[in-house]
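Here is the structure we will look at.
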Amino acid sequence: MTNGNLTIALLIDSENVSAKYMSALDKELILFGKVTYKRMYGDFTGEESKAWKTIVNDYSITPVQQFSYTKGKNATDSKMIIDAMDILYSGNINGVCLMSSDSDFTGLAKRLKESNIFVIGAGEKKTPSSFVKVCDRFLYLEDIAGKDSAQKKKPSAAEKKEEKPKKKTKKEAPAAEESVLIPKEDIENFAVHILEGQEEKGSLEWLISKIYQAYPQFDFKAYGAKKSYEFFSKEKFEIEKGKESNMFIKLKET
């Protein structure tokens with residue numbers, strides 16, 4: 001496991017993996033460090049790429065259009081490999097995540113490791129073992145998506161009962177767009193996920209920075225907390241004060 005300070009380039013083979021896994025992978029990569037490049041490759045002129053096109057802005061992904069010039073040849077793979085090498089030579093990263101289930105990227109993973117790049121593979125369980133084994137870490141998308149969905153609590157019967165549909169009058173003007181407050185439990189569950197991978201207590205400042213990576217709009221004051229440490233519930237977390245006003249956080253032992 002890394003120290004969580006990698007600078008990562010995420011390269012996505014959109015023709016080989018589903019867009020439904022992007023949310024889970026985006027959060028998982030925060031455990032490794034900061035993703036500075038996000039590029040997805042494919043022919044986006046077809047209807048089959050619609051799901052990927054709808055989430056481009058949600059995850060700040062740069063789409064790289066690649067037409068298939070020759071039948072039976074995967075031009076997308078070639079472009080993704082060329083870009084990976086260009087990014088490598090820029091010297092701006094020390095980690096690469098290849099989101100694909102295609103064994104054709106085995107050679108690329110080997111070459112990146114030769115340049116002391118930490119290689120993370122992210123693919124479905126159909127991924128050939130040759131690609132899985134060459135990576136420093138391999139994330140099975142079905143597994144991390146399962147963890148992500150398990151952290152989302154379903155509303156209780158009482159909560160459902162409280163949800164009453166709003167009646168609209170004929171004269172009611174369309175509501176202005178409002179910022180949506182992220183459920184506190186979602187953020188706390190994400191914090192739990194991060195702290196579970198730590199052997200010791202972590203810096204509160206470090207944890208907050210990770211939360212900002214996942215939820216850039218996060219503001220602890222919006223939840224009634226005057227200080228950042230007041231946001232975290234005492235039932236799940238323990239806060240410790242260190243020297244020079246440093247704060248530390250860990251999961252509460254059960």
Side-chain angles (χ1 to χ4, degrees), residues 2-12 14 17-41 51-64 87 90 92-99 118 120 122 139 141 144-145 147-153 175-198 202-233 236-237 239 246-251:
T2 70
N3 59 5
N5 293 323
L6 288 176
T7 302
I8 304 167
L10 170 60
L11 307 179
I12 304 166
S14 69
V17 287
S18 172
K20 67 182 180 181
Y21 297 118
M22 190 60 214
S23 174
L25 180 61
D26 192 56
K27 292 185 178 68
E28 195 73 18
L29 289 179
I30 291 174
L31 299 176
F32 293 89
K34 183 178 181 180
V35 180
T36 54
Y37 291 85
K38 288 183 182 180
R39 297 181 183 176
M40 66 179 189
Y41 302 80
W52 278 109
K53 288 187 286 187
T54 58
I55 65 170
V56 166
N57 292 331
D58 293 340
Y59 297 98
S60 300
I61 302 171
T62 300
V64 180
I87 293 171
S90 73
N92 295 328
I93 53 101
N94 54 9
V96 170
C97 178
L98 302 174
M99 188 180 185
F118 191 89
I120 305 166
L139 306 173
L141 295 171
I144 62 174
K147 288 192 295 183
D148 187 49
S149 60
Q151 290 173 356
K152 297 176 182 178
K153 178 186 174 184
E177 186 175 345
E178 299 177 356
S179 58
V180 179
L181 190 66
I182 309 161
K184 185 174 187 289
E185 188 174 32
D186 286 1
I187 299 172
E188 286 194 330
N189 285 338
F190 178 66
V192 168
H193 181 48
I194 291 178
L195 293 174
E196 282 177 338
Q198 304 299 310
S203 163
L204 179 63
E205 183 180 3
W206 168 80
L207 178 62
I208 293 292
S209 71
K210 292 294 183 183
I211 292 174
Y212 279 135
Q213 283 181 242
Y215 304 99
Q217 70 274 46
F218 171 68
D219 181 2
F220 59 85
K221 294 180 181 178
Y223 301 84
K226 294 181 180 179
K227 302 289 185 179
S228 60
Y229 66 85
E230 294 177 353
F231 168 83
F232 300 95
S233 63
K236 296 180 180 179
F237 306 93
I239 307 292
N246 292 327
M247 305 286 291
F248 297 91
I249 185 170
K250 65 178 182 179
L251 295 178

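Basis for what follows: all heavy atoms, side chains included, without hydrogens, waters or symmetry-related copies.
- Counting non-hydrogen atoms of neighbouring residues, nucleotides and ligands closer than 6.0 angstrom, the CD atom of Glu230 exceeds 12 such neighbours.
- Side-chain contact between Met40 and Val56: present, with at least one pair of heavy atoms (C-beta onward) separated by less than 4.5 Å.
- Across all non-hydrogen atoms, the minimal contact from Phe232 to Leu204 is CE1-CD1, 3.6 Å.
- Residues that satisfy the side chain to side chain contact (heavy atoms under 4.5 Å, CB included) test with Tyr215, not counting sequence neighbours, are Lys27, Ile182, Asp186, Ile187, Phe190, Ile211, Gln217, Phe218.
- Taking CD1 from Ile93 and OG1 from Thr7, the interatomic distance works out to 8.5 Å, rounded to the nearest 0.5 Å.
- At most 12 heavy atoms of other shown residues, nucleotides or ligands fall within 6.0 angstrom of atom CG in Asn57.
- Across all their heavy atoms, Ala222 and Leu181 have their closest contact at CB-CD1, 3.7 Å.
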Worksheet item: Given Glu196 and Leu251, is the side-chain contact (heavy atoms from CB on, under 4.5 Å) satisfied, shown in steps?
Response: CA-CA 8 Å; Glu196 282 177 338; Leu251 295 178; 3.7 Å; yes
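- Side-chain atoms of Lys210 do not come within 3.5 Å of backbone N or O of Ile194 as any donor-acceptor pair.
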Discussion item. What verdict does the side-chain contact (heavy atoms from CB on, under 4.5 Å) test give for Leu25 and Leu10, after you've listed the backbone C-alpha separation in whole Å, the side-chain angles of each residue and the deciding distance to 0.1 Å?
Written reply: CA-CA 10 Å; Leu25 180 61; Leu10 170 60; 4.1 Å; yes
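- At least one test fails for Lys227 against the ring of Phe220: distance under 6.0 Å to the centre or angle within 45° of the axis.
- Atom CG of Leu141 and atom NZ of Lys20 lie 9.5 Å apart (nearest 0.5 Å).
- With hydrogens and angles ignored, the 3.5 Å screen pairs no side-chain donor or acceptor of Glu28 with any backbone N or O of Ala24.
- Tyr229 pairs by the ring pair (Phe, Tyr, Trp, His ring centres under 6.0 Å) definition with nothing, not counting sequence neighbours.
- Using modelled atom types, one side-chain atom of Ser14 and one backbone atom of Tyr41 make a donor-acceptor pair closer than 3.5 Å.
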Fill in: Full working for side-chain contact (heavy atoms from CB on, under 4.5 Å) between Leu29 and Cys97
CA-CA 8 Å; Leu29 289 179; Cys97 178; 4.0 Å; yes
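- Residues passing the side chain to side chain contact (heavy atoms under 4.5 Å, CB included) test with Lys236, sequence neighbours excluded: Glu185, Glu188, Asn189, Ser233.
- Among residues two or more places apart in sequence or in another chain, the side chain to side chain contact (heavy atoms under 4.5 Å, CB included) test is passed with Ala51 by Ala19.
- Within the 4.5 Å cutoff, side-chain heavy atoms of Met22 are placed close to those of Trp52.
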Item to complete: Start with the C-alpha distance between Phe237 and Val192, add both sets of side-chain angles, then the distance that settles side-chain contact (heavy atoms from CB on, under 4.5 Å), and finish with yes or no.
Response: CA-CA 9 Å; Phe237 306 93; Val192 168; 3.7 Å; yes
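- The distance from atom CE of Met247 to atom CG of Leu207, rounded to the nearest 0.5 Å, is 12.0 Å.
- No side-chain donor-acceptor contact under 3.5 Å links Asn94 to the backbone of Leu6.
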All N/O donor-acceptor pairs, side-chain side in residues 32-39, below 3.5 Å, sequence neighbours left out:
unit_1, atom_1, unit_2, atom_2, d
Thr36, OG1, Ile8, O, 3.4
Tyr37, OH, Asn92, ND2, 3.3
Lys38, NZ, Asp26, OD1, 2.9
Lys38, NZ, Tyr59, O, 3.2
Arg39, NH1, Asp83, OD2, 3.3

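- Phe118 places none of its side-chain heavy atoms less than 4.5 Å from the side chain of Val96.
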